[in-house]
Amino acid sequence: MTVIPTAATLVLMRDGAGAIEVLLLQRPDRGAFAGAWVFPGGKVEPVDRVDDEESTARNAAVRETAEESGLVVAPDALVPLSHWSPPEQLATKFITWFFVAEAPEGEVVVQQSEAVAARWIRPADALKQHGAGTLRLFPPTWVTLDTLMAYPTVDAALAGIARHELRRYATKQDPQRGLAIWAGDEAYDGLPDTEEGPRHRLHVGSLPWRFEHR
């Protein structure tokens, strides 16, 4: 059995004009996320490892964020948001923890080997630009941005996410219909759709993407 490596991502947030802003980095035109805009993060390294998986992931998220953006956050300031397991079809697979935290003061200094650009952006604006085809996102980033649109301030986001059970996304893909599907959707275990059946899916076949959860 192949062991899928673990990675960690940190969503840095700050208060903006009427909405929170998050830090996105653009990956170089190579690798698994070529050209995409992502949150800082990367795979767990031996230096990050401690006794439990979540603490290990926290260490990796903090270290990778510092390396990629120059911004340093304490591990205990991170609030767990979600846990992602990849679909079988992906050639490069990671099990990824997503955390949120308030951004520290300081200038973003991009590590050029890891990112070619950085920007602070409101989640709604990032999703709008993605829908227009001008900003490339992957489903975990898209879903995270969609989740954060519910919170008007950083304090509200941290408090609300802390009260919420960890969101788990074990992704299955339906390439023929252009769907990413998660547990709770009636098609997750291969059953056909019914008109009133439960939905937990992201339509990714064409822009703009559309999230269904009922």
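Quantities reported herein were computed from a predicted structural model and do not represent experimental measurements. Because only heavy atoms are used, hydrogens play no part in the values below, and waters and symmetry mates are left out as well, while side chains stay in.
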Peer 1: Step by step, would you call Leu135 with Ile121 a side-chain contact (heavy atoms from CB on, under 4.5 Å)?
Peer 2: CA-CA 11 Å; Leu135 188 147; Ile121 188 169; 4.3 Å; yes
Peer 1: Grab the two heavy atoms, one from Ala118 and one from Val110, that are nearest each other, plus how far apart they are.
Peer 2: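 That closest heavy-atom pairing would be CB-CG2, 3.5 Å.
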Peer 1: Measuring only between side-chain heavy atoms, which start at C-beta, is Pro40 closer than 4.5 Å to Leu23?
Peer 2: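 They are in side-chain contact.
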Peer 1: Looking only at the side chains, is there a donor atom on one of Glu212 and His203 sitting less than 3.5 Å from an acceptor on the other?
Peer 2: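 There is such a pair (donor and acceptor under 3.5 Å, judged by atom type) between the side chains of Glu212 and His203.
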Peer 1: Please state whether the rings of Trp209 and His130 are parallel, tilted or perpendicular, taking 30° and 60° as the class boundaries.
Peer 2: perpendicular
Peer 1: Can you check whether Tyr169 reaches Pro140 side chain to side chain, under 4.5 Å on heavy atoms?
Peer 2: no
Peer 1: Counting N and O atoms only, with roles assigned by atom type, does the side chain of Asp15 sit under 3.5 Å from a partner on the main chain of Thr153, one being a donor and the other an acceptor?
Peer 2: no
Peer 1: Can you confirm whether Ile20 sits close enough to Pro123 that some side-chain heavy atom of one is under 4.5 Å from a side-chain heavy atom of the other?
Peer 2: yes
Peer 1: Apply the test ring-ring contact (aromatic ring centres under 6.0 Å, His included) to residues Trp142 and Trp37: give CA-CA distance (whole Å), side-chain angles for both, the deciding distance (0.1 Å), then the verdict.
Peer 2: CA-CA 10 Å; Trp142 195 102; Trp37 288 86; over 10 Å; no
Peer 1: Take Phe39 and Leu10, measure what side-chain contact (heavy atoms from CB on, under 4.5 Å) needs, and give me the verdict at the end.
Peer 2: CA-CA 6 Å; Phe39 305 110; Leu10 180 52; over 6 Å; no
Peer 1: Step through the shown structure and confirm whether more than 12 heavy atoms of other residues, nucleotides or ligands are within 6.0 Å of CZ on Arg214.
Peer 2: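 For Arg214, atom CZ is crowded (more than 12 foreign heavy atoms under 6.0 Å).
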Peer 1: How close do Ala61 and Phe99 get, heavy atom to heavy atom, and via which atoms?
Peer 2: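 Smallest interatomic distance, heavy atoms only, reads CB-CD1, 4.1 Å.
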Peer 1: So, for Pro28 and Ser113, which heavy atoms are closest and what is the spacing to 0.1 Å?
Peer 2: CG-O, 4.1 Å
Peer 1: For salt bridge (Lys or Arg N to Asp or Glu O under 4.0 Å), just list the numbers for Arg58 and Asp52, CA-CA rounded to whole Å, side-chain angles, deciding distance to a tenth of an Å, and then say yes or no.
Peer 2: CA-CA 10 Å; Arg58 285 173 182 269; Asp52 67 279; over 6 Å; no
Peer 1: Looking at every heavy atom in both Ile161 and Pro80, which two are closest together, and how far apart are they?
Peer 2: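 Closest approach of Ile161 to Pro80, heavy atoms only: CG2-O, 3.5 Å.
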Peer 1: Atom OG in Ser82, atom NE2 in His164: separation rounded to 0.5 Å?
Peer 2: 11.0 Å
Peer 1: For residues Met13 and Trp120: do they belong to one hydrophobic cluster (side chain heavy atoms under 4.5 Å, members Ile, Leu, Val, Met, Phe, Trp, Tyr)?
Peer 2: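 No, Met13 and Trp120 fall in different hydrophobic clusters.
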Peer 1: If hydrophobic residues (ILVMFWY) are linked whenever their side-chain heavy atoms come closer than 4.5 Å, directly or via other members, who joins Leu179 in its cluster?
Peer 2: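 For the cluster that includes Leu179, the remaining residues are Ile181, Tyr188.
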Peer 1: Hey, does Tyr151 have a side-chain heavy atom less than 4.5 Å from the side chain of Leu158?
Peer 2: no
Peer 1: Are Leu166 and Leu148 linked, directly or through intermediate hydrophobic residues, by side-chain heavy-atom contacts shorter than 4.5 Å (ILVMFWY only)?
Peer 2: no
Peer 1: Quick check: do Leu71 and Glu107 have side-chain heavy atoms less than 4.5 Å from each other?
Peer 2: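 No, side chains not in contact.
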Peer 1: Can you confirm whether Gln112 is buried at CD, in the sense that more than 12 heavy atoms of other residues, nucleotides or ligands lie under 6.0 Å from that atom?
Peer 2: yes
Peer 1: Go through it in stages, so that I can follow the logic: the residues are Asp146 and Leu127, the test is side-chain contact (heavy atoms from CB on, under 4.5 Å), and I'd like the CA-CA distance, side-chain angles, deciding distance and then a yes or no.
Peer 2: CA-CA 8 Å; Asp146 184 72; Leu127 294 178; 4.2 Å; yes
Peer 1: Is any side-chain heavy atom of Thr96 closer than 4.5 Å to one of His83?
Peer 2: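 His83 vs Thr96: side chains apart.
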Peer 1: Is there a donor-acceptor contact under 3.5 Å from the side chain of Arg136 to the main chain of Ala34?
Peer 2: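 Side chain of Arg136 to backbone of Ala34, a donor-acceptor pair under 3.5 Å: yes, one is there.
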Peer 1: Counting distance only, does the side-chain N/O of Thr147 pair as donor-acceptor with the main-chain N or O of Val143 below 3.5 Å?
Peer 2: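 A pair under 3.5 Å: yes.
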Peer 1: For the pair Glu21 and Arg122, find out whether any cationic side-chain nitrogen is under 4.0 Å from an anionic carboxylate oxygen.
Peer 2: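 No salt bridge links Glu21 with Arg122.
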Peer 1: Quick one: do Asp125 and Arg119 make a salt bridge, cutoff under 4.0 Å?
Peer 2: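 Result for this pair is no, no salt bridge flagged.
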Peer 1: Would Val154 end up clustered with Val22 when hydrophobic side chains under 4.5 Å apart are linked, directly or stepwise?
Peer 2: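 Linked within one cluster.
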Peer 1: Quick one: does any side-chain atom of Asp185 pair with a main-chain N or O of Arg199 as donor and acceptor, under 3.5 Å?
Peer 2: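 It does not hold such a pair.
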Peer 1: Can you hop from Phe211 to Leu207 via hydrophobic side chains spaced under 4.5 Å?
Peer 2: yes
Peer 1: Could you check if a side-chain atom of Leu78 sits within less than 4.5 angstrom of a side-chain atom of Val73, using non-hydrogen atoms only?
Peer 2: yes
Peer 1: Any chance you could lay out the salt bridge (Lys or Arg N to Asp or Glu O under 4.0 Å) test for Arg201 and Asp174, step after step, and finish with the verdict?
Peer 2: CA-CA 10 Å; Arg201 62 180 63 176; Asp174 184 340; over 6 Å; no
Peer 1: Report yes or no: does Thr134 contribute a side-chain atom to a donor-acceptor pair with the main-chain N or O of Gln129 at less than 3.5 Å?
Peer 2: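 Yes: the side chain of Thr134 pairs with the backbone of Gln129.
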Peer 1: Between atom CG of Asp48 and atom OG of Ser55, what is the distance when rounded to the nearest 0.5 Å?
Peer 2: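 If I round to the nearest 0.5 Å, the distance is 11.5 Å.
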Peer 1: Taking all non-hydrogen atoms of both residues into account, name the closest pair between Ala60 and Lys43 and its distance.
Peer 2: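 Nearest heavy atoms, Ala60 then Lys43: CB-O, 4.5 Å.
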Peer 1: If only side-chain N and O atoms count, and only distance matters, is there a donor-acceptor pair under 3.5 Å linking Asn59 with Thr56?
Peer 2: no
Peer 1: NE2 of His200 to CD of Glu186: how many Å apart, nearest 0.5 Å?
Peer 2: 14.0 Å
Peer 1: Which atoms form the tightest heavy-atom contact between Arg27 and Gly41, and what is the distance?
Peer 2: NH2-O, 3.2 Å
Peer 1: Using the side-chain contact (heavy atoms from CB on, under 4.5 Å) rule, take Asp29 and Val116 through it: C-alpha gap first, then chi angles, then the decisive distance, then the call.
Peer 2: CA-CA 9 Å; Asp29 289 327; Val116 296; over 6 Å; no
Peer 1: Aromatic rings Trp84 and Trp182: how do their planes relate, parallel, tilted or perpendicular, breaks at 30° and 60°?
Peer 2: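 The rings of Trp84 and Trp182 stand perpendicular, inter-plane angle above 60°.
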Peer 1: If the threshold is 4.0 Å, N to carboxylate O, is there a salt bridge linking Lys93 and Glu88?
Peer 2: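 Glu88 and Lys93: not salt-bridged.
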Peer 1: Give the cluster check for Val79 versus Val62: same hydrophobic cluster or not, with ILVMFWY residues linked at side-chain heavy-atom distances below 4.5 Å.
Peer 2: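 Different clusters.
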Peer 1: Can a donor-acceptor pair be found between the side chains of Glu53 and Trp97 at a distance below 3.5 Å?
Peer 2: yes
